[in-house]
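Here is the structure we will look at, set down as C-alpha cells.
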Amino acid sequence: MATAAQNSLKLLGRSPWSARFGMLVILIYVATALGAPLIAPYGETEIVGIEYEPWNAVYPLGTDSLGRDMLSRIIYGARNTVGVAFATTMLAFLIGSIAGLLAATLRGWADQVLSRVVDVMMAIPPLVFALLILTIVGTNLINMILVIAVLDSTRVFRLTRAVAMNVVVMDFVEAARLRGEGLWWIMRREILPNISAPLAAEFGLRFCFVFLTISALSFLGLGLQPPTADWGSMVRDNATLISYGDITPVIPAAAIALLTVAINFVVDWFLHETSGLKE
Amino acid sequence: MGPILKMVAQRLALGLLTLFIVSLIIFLSVEMLPGDITEAILGQGATPETVAAFRRELGLDVPAHLRYLAWLGDIAQGDLGRSLASKRDIAELIGGRLMNTLFLASFAAIIAVPLAVTLGLLAALYRNSWFDRGINLVTLSSISFPEFFIAYALIFLFAVQWDWFPSIVNVNSDTPFWERVYRCILPAVTLTMVTTAHMMRMTRAAIINLMASPYIEMASLKGLTRSRIIVRHALPNALSPIINVIAINLAYLVVGVVLVEVVFVYPGLGQLMIDSVSKRDIPVVQAACLIFAVTYILLNLLADILSILSNPRLLHPR
C-alpha cells in the first residue's frame, strides 16, 4: 500500500504544469461545492437588494434579475450544477459499464441485443433525443438525470465492451470460469480491475460531456429549474446585461468552461501516462 | 470493384434500417407517455367529452400501427401535420427556418473545414514545436468550452465593445445574400470554433500516425522536403480518416446549431424546436427531431461510405 502511495506521489511529481493546474482547479471546485454555505455571503435564493445592481463592495458581482446576490449564486451553483452532473455521470457509468461487462462476458445473443440497441441509440443526436424525451415526460430534475444518464451510458457501454473483450480471452478469466466462479465475480474481480485505467479516463471525459449537456439544457430553460442556483440558467436569466457592456452573465459560463478545461488537462496527462504513448 | 460495392450496399441498407427504427422511436415516444397525450395537454380537469373529441382530432382512436403508416406516408408527401399551439401547417412553419439553419451550418462548415485541415497539416509538419503546443492547448480548451460561453464572449467583444457585428441575427427571406453573410458572422464563427478543434486534432493524429511508415522513411531518405512528404505522400493515405471526421463534425454542426440559434435569436429550426419543447407542442418537436435525426444519420452514413471509398487499400484490391 505504501509503495502505491509513493508511486502516485512520484507520478504527481513528474506531472506537467497543465495537469497540476487542472488538479488545483478541480480541488478548488470541490471545496467550493462542499463548503458553499460557509463561503457564500448570502443565501442561495435570498433576495438581498434591488434588481441588476452593479458590482460594489456589498455585492461583489452585483445582483441578478430578481435582486439575488450573484457571487453567492455562483458559489451555490458549483454545488448544484457540478453535483447533478456528477450524479448523472455516476449513473451513466453504472448502467453502461455493467451492460458492457455483461455483453463482453456473456457474448452470444446478449451481446448482439445490447450492441444493436446501443447502435440505434447512438444514431440519434443526443441533444435532440434528450429534447424529444423531455417534451414527452416533462422537464424536471429526475427526468433529466435519467434521460442523460441513459443516453450517455451508450458511450460507456461501447468502451467497456471493447476493452473488456481483450481481457475476457485471458487465461486467468478462463481459470476463474473453470473454478466455477459466478458471472458477477468474474465481471467485478477478474475483468474490472484490468480495465479501470481506460474507464477512469473515460469518466473524466464523460463528466465533461454530461456537464456541458446539462448546462446547455439549463441554459435552454429545460434543465435545473428555478429557484435553484445553476450556472446554465444564470447565463440565460442575466444575458440582457451583456448588451450594456456588463460581463457578469459570462462569469457562470466561464466557470463551466474552466472546469471542463481543467478536467481535460488532467485526463490528457492521465491518458498519456497510462497508455505509454510517449510521442 | 465487387467487394467495395458490396460494402457500400451493406452500409446503405444498415443506414435505411436505422432511419426506419429512428422514425419508429420518434413516433412511439408519444405512446410511451404515462396516461395519454390528451390528458397531458388538456390537463386533469378535462371532461371525458373534450378528451374524446380531442382524441378524434389527433386521430388517436385509430390503432397505433395504422397511425404510424399514415404518419410516415404523410411525411413522405411533405405533409408534417399541424402544430398544436398555433394550428398552423408544420411544413410551412419549418420550410424557411430549415433553409436558415442549413445556411448557417454550411457557412460555418465552409470556414471550419479548410481551416481545420490546414492547421492540422501545419501542426503535424511542425510537430512538437511551440506552434504545435500552442495549437494543442487552444484546441483542447475550445473543445471543452460550452457553445454559449464562446457565443456570449464573442457578442461581448465584437457586438458590444466594438460594435462591428449585430448581436441579434435578424434575417428573413428578403435579406440579400451578402447582408445575410455579414449578419451571420458571429454565429458562424462560434460554430467554427467548436468544430475546428476536433477536426484539426484528428487530421494531425492521422498524419502523425502515418509518418512512422517505412514508405515515408523511404521518401525522406530520397531527400524530399518535409512539406512535400506530408502533402504528397502522407495526405492521400490519411484522407480516409480525415474525410470521416469531417462528415461526423458536419453532423455535429447541424445539431450544435440549436444552442447557437437560441443565443443569437436566429430564426432557424433549432429555435423553433426549443420553443415547441417548452410549449410541449409535440407534433412540431417530432417533425424537428425527425429532420435533425435524418440529417445526422445521413451525414454519418456519408462519412462511412466516403471513408470506404477513399481508402486506397480497398480501392485497389490485389
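Because the structure is a prediction, the values reported are computed rather than measured. Lettering follows sequence order; numbering is per chain, from 1.
When every heavy atom of B/Pro146 is checked against every heavy atom of A/Ala253, the shortest pair comes out as CG-O, 4.1 Å.
How far CZ of A/Arg116 is from CG of B/Leu17: 10.5 Å, rounded to the nearest 0.5 Å. Taking CZ from A/Phe219 and CD1 from B/Ile274, the interatomic distance works out to 10.0 Å, rounded to the nearest 0.5 Å. Expressed to the nearest 0.5 Å, how far OH of B/Tyr152 lies from CD1 of A/Ile251 amounts to 15.0 Å.
Looking at B/Tyr296, the atoms closer than 4.5 Å to chain A (heavy atoms on both sides) all sit in the side chain, from C-beta outward. In this structure, the portions of B/Ile26 lying under 4.5 Å from any heavy atom of chain A include both its backbone and its side chain. Using a 4.5 Å cut-off between heavy atoms, A/Leu131 contacts chain B through both its backbone and its side chain. Neither the backbone nor the side chain of A/Phe211 has a heavy atom closer than 4.5 Å to any heavy atom of chain B. Proximity to chain A is limited to the side chain of B/Val262, based on heavy atoms less than 4.5 angstrom apart. If you measure heavy-atom distances from A/Leu132 to chain B, the contacts under 4.5 Å come from both the backbone and the side chain.
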Audit row: B/Leu137, A/Phe265, side chain to side chain contact (heavy atoms under 4.5 Å, CB included) steps and yes/no: CA-CA 9 Å; B/Leu137 205 66; A/Phe265 279 163; 3.6 Å; yes
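Side-chain contact between B/Phe148 and A/Val235: present, with at least one pair of heavy atoms (C-beta onward) separated by less than 4.5 Å. In this structure, B/Phe145 and A/Ile256 have side chains that are not in contact, with every pair of non-hydrogen atoms separated by 4.5 Å or more. With a 4.5 Å cut-off on side-chain heavy atoms, A/Met121 and B/Ile25 do not count as touching. Taking 4.5 Å as the limit, every side-chain heavy atom of A/Asp119 sits out of range of all side-chain heavy atoms of B/Thr18. Counting only heavy atoms from C-beta outward, the side chains of A/Leu127 and B/Phe292 never approach each other to under 4.5 Å.
When B/Ile297, B/Val294, B/Leu259 are compared by the number of non-hydrogen pairs under 4.5 Å with chain A, B/Leu259 comes out ahead. The choice from B/Val277, B/Val22, B/Ile21 that makes the most heavy-atom pairs within less than 4.5 Å of chain A is B/Val277.
Annotation: A/Phe86, atom CZ; neighbour count of heavy atoms from other residues, nucleotides and ligands within 6.0 Å does not exceed 12. In B/Phe131, the CZ atom is crowded: over 12 heavy atoms of neighbouring residues, nucleotides or ligands sit closer than 6.0 Å.
Among residues at least two apart or in separate chains, salt bridge (charged side-chain N to carboxylate O under 4.0 Å, His left out) pairs with a member in residues 10-27 of chain B are B/Arg11-B/Asp304.
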